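For reference, the structure discussed in these notes is given below.
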Amino acid sequence: MENGTSFKSLMLGFAAGVLATLTAHELIKMALVNAEVIQRVPWNMQPAAITGIPQIASDTLWGGVWGAIFALVLGDVPKGSMTLRGIILGILGPALVGVFLLVPILKGGPIFMGGDPRLIASVLLILAGYGATTAWLYGFFTAGCRLP
């Protein structure tokens, strides 16, 4: 935590994560589906394996939680390159910790997508884009409406 984080900043981080999930996360996923790299449906309304709620709602909720975590890391008034910081946070947090480790442990599947390089690269691309977008939005919401 750089310079403390207020409740307002946590909520703005949550909102940034939600918006980034509904836009960048799903648009990158759609591009990968259209390129026949992955088969996971964007904006999917089928029940999620862990939560049982529609997959897009589950993804959006977790996107908001990760956005609040980003706010904790970035602080109330983030400085520096939000693009680079967001990409790093998206890869380290939601991708590495979330998708590659926690989700497989909770679901009983193989960690790191069973070593499938196409799936690993897809997750890294989707969550790097999510991270960059979340950080941009959080910077926009908190630092004088600037997009760094």
Side-chain angles (χ1 to χ4, degrees), residues 1-2 4-76 78 80-142 148:
M1 193 165 18
E2 287 189 6
T5 308
S6 67
F7 182 74
K8 176 183 174 184
S9 292
L10 291 175
M11 292 300 98
L12 291 173
F14 187 90
V18 164
L19 292 172
T21 301
L22 291 172
T23 57
H25 183 279
E26 296 302 296
L27 288 168
I28 295 168
K29 188 188 301 179
M30 184 174 67
L32 291 170
V33 167
N34 288 341
E36 299 181 0
V37 175
I38 62 172
Q39 296 177 352
R40 193 155 182 218
V41 177
W43 299 286
N44 189 351
M45 295 301 289
Q46 297 300 316
I50 295 174
T51 62
I53 63 175
Q55 186 66 55
I56 187 60
S58 181
D59 290 348
T60 302
L61 174 65
W62 285 112
V65 169
W66 280 111
I69 293 170
F70 282 24
L72 284 172
V73 173
L74 297 171
D76 278 341
S81 171
M82 290 297 100
T83 303
L84 180 58
R85 294 176 86 190
I87 289 169
I88 291 168
L89 288 172
I91 289 171
L92 292 178
L96 182 62
V97 173
V99 174
F100 294 147
L101 296 173
L102 290 179
V103 170
I105 289 169
L106 293 172
K107 289 172 63 175
I111 61 171
F112 288 94
M113 314 300 281
D116 184 329
R118 278 183 8 157
L119 292 178
I120 291 170
S122 297
V123 168
L124 292 174
L125 181 62
I126 291 167
L127 292 173
Y130 158 83
T133 305
T134 300
W136 287 335
L137 289 169
Y138 182 67
F140 180 78
F141 294 158
T142 61

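Just so we're clear, the structure is a prediction, and the values are computed from it rather than from any experiment.
- Screening Val18, Thr134, Leu89, Val97 for a side-chain contact (heavy atoms from CB on, under 4.5 Å) involving Trp66 leaves a single residue, Val97.
- Nearest heavy-atom pair across Pro78 and Gly139 is CG-CA, 4.0 Å.
- Looking at heavy atoms from C-beta onward, Met82 lies out of side-chain contact with Leu137 at the 4.5 angstrom threshold.
- In this structure, CD1 in Ile111 is found 11.0 Å from CG in Leu102, a value given to the nearest 0.5 Å.
- Atoms CG and CD1, from Leu92 and Ile87 in turn, are 11.5 Å apart once rounded to the nearest 0.5 Å.
- Smallest separation of non-hydrogen atoms from Ala132 and Thr83: CB-O, 4.1 Å.
- To the nearest 0.5 Å, atom OH of residue Tyr138 and atom CG of residue Leu12 are 7.0 Å apart.
- Sorted by first and then second residue, the salt bridge (charged side-chain N to carboxylate O under 4.0 Å, His left out) pairs involving residues 7-34 (not counting sequence neighbours) are Glu26-Lys29, Lys29-Asp59.
- Residue pairs meeting the salt bridge (charged side-chain N to carboxylate O under 4.0 Å, His left out) criterion with at least one partner in residues 86-113, sequence neighbours excluded, are absent.
- The two residues Pro104 and Pro110 come nearest to each other via the heavy atoms CB-O, 3.4 Å.
- Across Gly129 and Ala24, no two heavy atoms sit closer than the pair O-CB, 4.0 Å.
- Across all non-hydrogen atoms, the minimal contact from Asp76 to Ser6 is OD1-N, 2.8 Å.
- A heavy-atom distance below 4.5 Å is not found between the side chains of Val73 and Phe70.
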Open item on the list: Under the criterion side-chain contact (heavy atoms from CB on, under 4.5 Å), I'd like the reasoning laid out for Thr60 against His25: C-alpha separation, chi angles, the key distance, then a yes or no.
Closed with: CA-CA 10 Å; Thr60 302; His25 183 279; over 6 Å; no
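- Here CG of Leu19 is found 10.5 Å from CZ of Phe14. Values are rounded to the nearest 0.5 Å.
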Let me check something: any side-chain donor-acceptor pairs from residues 41-53 under 3.5 Å, sequence neighbours excluded? List them with distances.
residue	atom	partner	partner atom	Å
Trp43	NE1	Leu22	O	3.1
Asn44	OD1	Gln46	N	2.8
Thr51	OG1	Ile53	N	3.4
Thr51	OG1	Ser58	OG	3.3

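- Applying the ring pair (Phe, Tyr, Trp, His ring centres under 6.0 Å) definition to pairs two or more places apart or across chains, those involving residues 82-125 are Phe100-Phe112.
- The salt bridge (charged side-chain N to carboxylate O under 4.0 Å, His left out) contacts involving residues 109-122 comprise nothing, where partners must be two or more places apart or lie in separate chains.
- Residues passing the side chain to side chain contact (heavy atoms under 4.5 Å, CB included) test with Leu32 are Ile28, Val37, Ile38, Ser122, Leu125, Ile126, sequence neighbours excluded.
- For the atom pair Leu61 CG and Thr21 OG1, the distance stands at 9.5 Å (nearest 0.5 Å).
- By the 4.5 Å heavy-atom criterion applied to side chains, Leu10 and Leu72 are counted as neighbours.
- Closest approach of Gly86 to Ala135, counting heavy atoms only: CA-CB, 3.6 Å.
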